[in-house]
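When a ligand or atom number is given, it counts from 1 through the structure's own listing order. All values below come from the heavy atoms of this structure, side chains included, with hydrogens, waters and symmetry mates left out. This is a predicted model, so every value here is computed, not measured.
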Amino acid sequence: MTGLAGGPLTRERCAALDATDPLASLRDRFQVPDDVVYLDGNSLGAPPRAAADTVRHLLDEEWGRGLIRSWNEAGWIDAPRRIGDKLGRLIGAAPGQVVVSDSTSVNLFKLLTAALRARPGRRVILSERDNFPTDLYVAEGVARGMDAVLRIVDRGELEGAIDESVAVLMLTHVDYRTGFMHDMGSLTEVAHAGGVVALWDLSHSVAAVPLAVDEWGVDLAVGCGYKHLCGGPGAPAHLYVASRLQEEMRSSIQGWMGHADTFGFEAEYRPAPGVLRHLCGTPPMLAMAALEAAVDLFGSIDTAEVRRKSVALGDLLIRLVDERLAGRGLVVASPRDGACRGSQVSLSHPQGYRVMRALIDRGVIGDFRPPDLMRFGLVPLYVRHVDIWDAVEVLREVIDGELWRDLAYAVRATVT
Ligand SMILES: *Cc1c(COP(=O)(O)O)cnc(C)c1O
């Protein structure tokens, strides 16, 4: 790890890394309270300061003065495509293949049904047991409604489960529990060799790890706007349809925003060309304004540098746990090899839930996922090396002082 080879780690050495960090100045572009260490950006990214400006401008000028004229004059009607194209650059998609719309769950529904329709002879959606729950729920519902089957296998059995009955391989790139990252390019290749459509969920990847969906031959993808991308709570999600598939993919939610002539008010539905047919209703402009600020911010920075620092922060956290928290029942549940780890580190502990509650009470905000995983999300734009040091020290105090035994932490409550 750059700068940390040899000798025990100290807070001073972490501070020295921050002092030479080329991304350090970006922290000021976000609103992060000084009295917390925020390590939950994988669930809800912190607000970019610019989002307050774009939302206020929308309220005061575009909505307040422009009123309905702003659908055209302020470019509201083009927002799903405009922001989609900018977001496409973050995932390695050429223009015309991404739109911003709806939630990830809804986009998944739209693309799964489209893919099943496009492969009428094949009735299986293939996924893995550890996929994110909403993805499996949506797939199960789609299968039920379309006379198809959801086949769920263990991660190691995915390739062997591909046969001529499979229509779609539906996977999430980065595992929300452990941060394990699939090799998207090679699994897509395996899918294609079997005549299968590859549909990827990028929710934990977009703005966190380098993506090259065009280069990797991905067919379809969905992703989330409010995690690493920092688009705001419940931010609109996005979807990607590769150009070569756009004509054969039909949306099963045929709304007017996906009509070839939205304002023609025709009696019959005609799908819009390309990816636009996957829009359905009116875009939520207040939310779109905040998301666009975030997408613009990410579009202006060097993603290779973001990835380098993300891996360095993860390596640092793992090394501190090894060096300073050994023998305390903590197990690193994330890949130790940064190359197959997303931008998070998860630690398991038998009292993980209560330990996380105690951490949050002391200003170290991560989150907990059953059965015993404490997750620490690493957004390199505003997380510093000293934050990792401080978080590990608070974790040590909580465990050594048995502070998690506080009765207040025994009752299960919602943790972020
Ligand atoms: C966060 C996340 C979602 C979120 O779906 P919503 O419809 O936005 O609630 C979906 N899939 C994955 C893999 C996620 O990580």
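The neighbour count for R244 CZ, taken as heavy atoms of other residues, nucleotides or ligands under 6.0 Å away, is above 12. More than 12 heavy-atom neighbours from other residues, nucleotides or ligands sit within 6.0 angstrom of CD on E323. Other residues, nucleotides and ligands contribute only 12 or fewer heavy atoms inside 6.0 Å of the CZ atom of R56.
Nearest protein heavy-atom neighbour of atom 5 (O) of ligand 1: T104 CB, 3.5 Å.
Closest to atom 11 (N) of ligand 1 by heavy atom, among D201, D175, N42, is D201.
With ligand atoms numbered from 1 in the order given, ligand 1 contributes 13 (C) to contacts under 4.0 Å with heavy atoms of T172. Close approach to Y226 involves these atoms of ligand 1, each under 4.0 Å from a residue heavy atom: 1 (C), 4 (C), 5 (O), 6 (P), 8 (O), 9 (O). Near K227, meaning under 4.0 Å from one of its heavy atoms, ligand 1 places the atoms 1 (C), 2 (C), 3 (C), 14 (C), 15 (O).
If you look at Y240 and H238, their ring centroids are not closer than 6.0 Å. You'll find the ring centres of W256 and F263 inside the 6.0 Å limit.
Because its NZ or CZ atom is not both nearer than 6.0 Å to the ring centre of Y382 and within 45° of the ring axis, K309 does not count as a cation-pi partner of that residue.
In V106, neither the side chain nor the backbone holds a heavy atom less than 4.0 Å from any atom of ligand 1.
In terms of N/O distances under 3.5 Å, ligand 1 is approached by H204.
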